[in-house]
Every structure is written in C-alpha cells, then in structure tokens.
Amino acid sequence: MTLLLLRDAQRPARQFQLSKPVIILVPALAVLSISTLVVSLQVRSSQIISRLETSLAAQNLQLEITVSDKEKAISLLQNEVMKLNDQAIDMRERIQRVNELEQQLEEFIQKYDPDSSTKEGDKNEKISWDGSGSKGGQWIAVHNREILTVGRELKDDFEEIQELLDTVEKNVPKTLERAEGARKIWEQRKQASLLQARRLELAREGKPTFWPTSDRRLTSSFGYRRDPLNGRSAYHAGIDIAGRIGDPVYAAGAGVVIAADQMSERGKYIIIKHPNGLQSWYMHLNGMNVSQGDQVTKGDLIGQLGNTGRSTGPHLHFQVVKQNIPVDPLLYVQ
Ligand SMILES: [Zn+2]
C-alpha cells in the first residue's frame, strides 16, 4: 500500500510505501492501546464512583441520625410545652375555683351582715374565667416553629396567673376578716333572738293560766251579782272558788309578788305581777308562803285557802287585773 501526502502547491508530494503487516498491525495496536486506556479509565472511574457512593451513604446515614435526634428533641420539647400549657389551664381553673369560694364567702357575709359593703375597687379586681366551660374547635398540629409562639403565650399566661394569685392573696385575708366580723354580728343576733325567745317564754309562763287551787267548783262568778253579805246588787271583780281551810293556793303564772299583806276586807291577800300589765290577786287566805319581792313560777305554792276578811265562809277569791282593770279570770285560767 502507498500513502500519498499532498501539501501546498510549491512543495512536492510525499509518498510512503507500507507493507501489509504494518498496515494491519499499526491500527490494531492503536485500537488495542485506546481500548486498554478506555477500560482502565472505566475501572478507575467506577472505583472512584464506588468510593464516593460509600462515603455519601455514610454521610446520609449520619445526616439521618442527626435529623432523627433533632426530631426526637423537638417532639420532647413539644410535649413539654403542651404539658406546661395544660398546667397553666389547670392552674387557672384552680384559681377560678378559689375566686368562686371567695365569692361564696362574700355571699355568706352579705347574708349574715348585709351592712358590710364591699370596698370600692374590689369588684373590679374580680377576674372571671370559665375554664370548665365548653371547649372545642379544629385540631391544629403544633409545628416546630410555633413552639416559640406557644412558649411566649405561656409566659403571658403565667404572668396573668401570677396577677390572679396576687389578687387572691390580697383579697382573701380581707374577706376572712370581714367573715369574722359577720360571724360576730351573727353571734350577737343569735344572742338577741335567744333573749327574745326567753322573753316570749317568760311572757307565756307569766300568763295567769294555772288553776289556783285544788277545788274546781265556783261559788260566785265575775261581774254583777247580789252581794252575799248585804243582799244589794254589787260588782264582783273576780271569781270565788270553793274549798276547805288549808287547801293549797298556787301562783296562776310566773311573776313577782308585789303584795303579801292583810286588809280588813281582803283579809290576807297576795298580788302577783305578771308580764304585759297583768296581775293576779288571791284573797281571804289563811296563810301565806311568800313575801313582797319574791319571784314565783307558775304553779308555785304561795299560801293556804282561808276565811279571812269580808267572807261568809272558806273560799278563794281569785281576780285577774289587766292594765289596772279587773277582767274575767275564766278568760285566762284553764
Ligand atoms: Zn270574791
């Protein structure tokens, strides 16, 4: 084979004579060497790629571990924040309950001591918050970035709770002081009502209702009658009860003996002063067991039935006087 090498016009053409084996060998060697180069490059690059891949995988793994750690930490943090939030809500509810208790105490005071007025400004300090009320709404997951916001809100919440606690701390001793005052007033009123009840009881006890002797037969009634001694019509200011000398004479009601004396017409007589302007008189007695100024209770033995004074025989003249006017004793004694 001949190879002709043609250059520009001024220069001669060159001619190379090549033998057949050379023609085959040289391209074959060239192809072989290029192939070898390519293969070796490929092997090297694949080695590099494999190394890179390994290192990348390791890095990925490392990254994954880090991310997972961070996620865990964030999740923990989220839980802590949510727990704190729950605590804040719980705390608010408890403070609200304390507030309610204080209000109940306030109502208690108002009940027993309505004069006790709430000091100005106190009402304004009452903060109402109904944590136990209805709740609801869409569930929204807390994202990592929102934790900060929740944290800030929590800080505000805790500050508010602190203020609430300060208010409660300030109000409760005052309220307790006033409760003590109300208790004292209530105690005084209770004493007063007990006294009133005692007075009523005394008045009831003092009403001359007890039959004043053992015999229950009347010999003369209250009002106008024919006088038993001179036969002329006369006013009888009481009732005459039959009996024998020495029969017991009882106090018809509780009271004070204002007279235990003797007079020509009344004979031996006793006057007992009862409450509400009432008096009971006992006349013609044989004997007397009480003296002026003595305190007697209903049914006490005060003397003995007799026949002293202006009398035709043993009997008890019993008389009830109301506001200095004689009234029918049968309206009282039973
Ligand atoms: Zn009489």
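Here the structure is a predicted model, which means the values were calculated and not measured. Atom set for the values below is all heavy atoms of this structure, side chains included, hydrogens, waters and symmetry mates excluded. Atoms within each ligand, like the ligands themselves, are counted from 1 in listed order.
Test Ile245, Thr213, Leu316, Asn289 against Gln304 for side-chain contact (heavy atoms from CB on, under 4.5 Å) and you get one pass: Asn289.
At a threshold of 4.0 Å, the pair Asp240-Arg225 counts as salt-bridged, since one of the basic side-chain nitrogens sits closer than that to a carboxylate oxygen. Arg94 and Asp90 are joined by a salt bridge, as a carboxylate oxygen and a charged side-chain nitrogen come within less than 4.0 angstrom of each other.
The aromatic ring centres of Phe318 and Tyr282 sit less than 6.0 Å apart.
Protein atoms of type N/O/S that fall under 2.8 Å from the Zn ion (ligand 1) number 3 in this view.
Here Glu205 pairs with nothing under the side chain to side chain donor-acceptor pair (under 3.5 Å) rule; sequence neighbours left out.
Side-chain contact between Val296 and Ile272 is present, with at least one heavy-atom pair separated by less than 4.5 Å.
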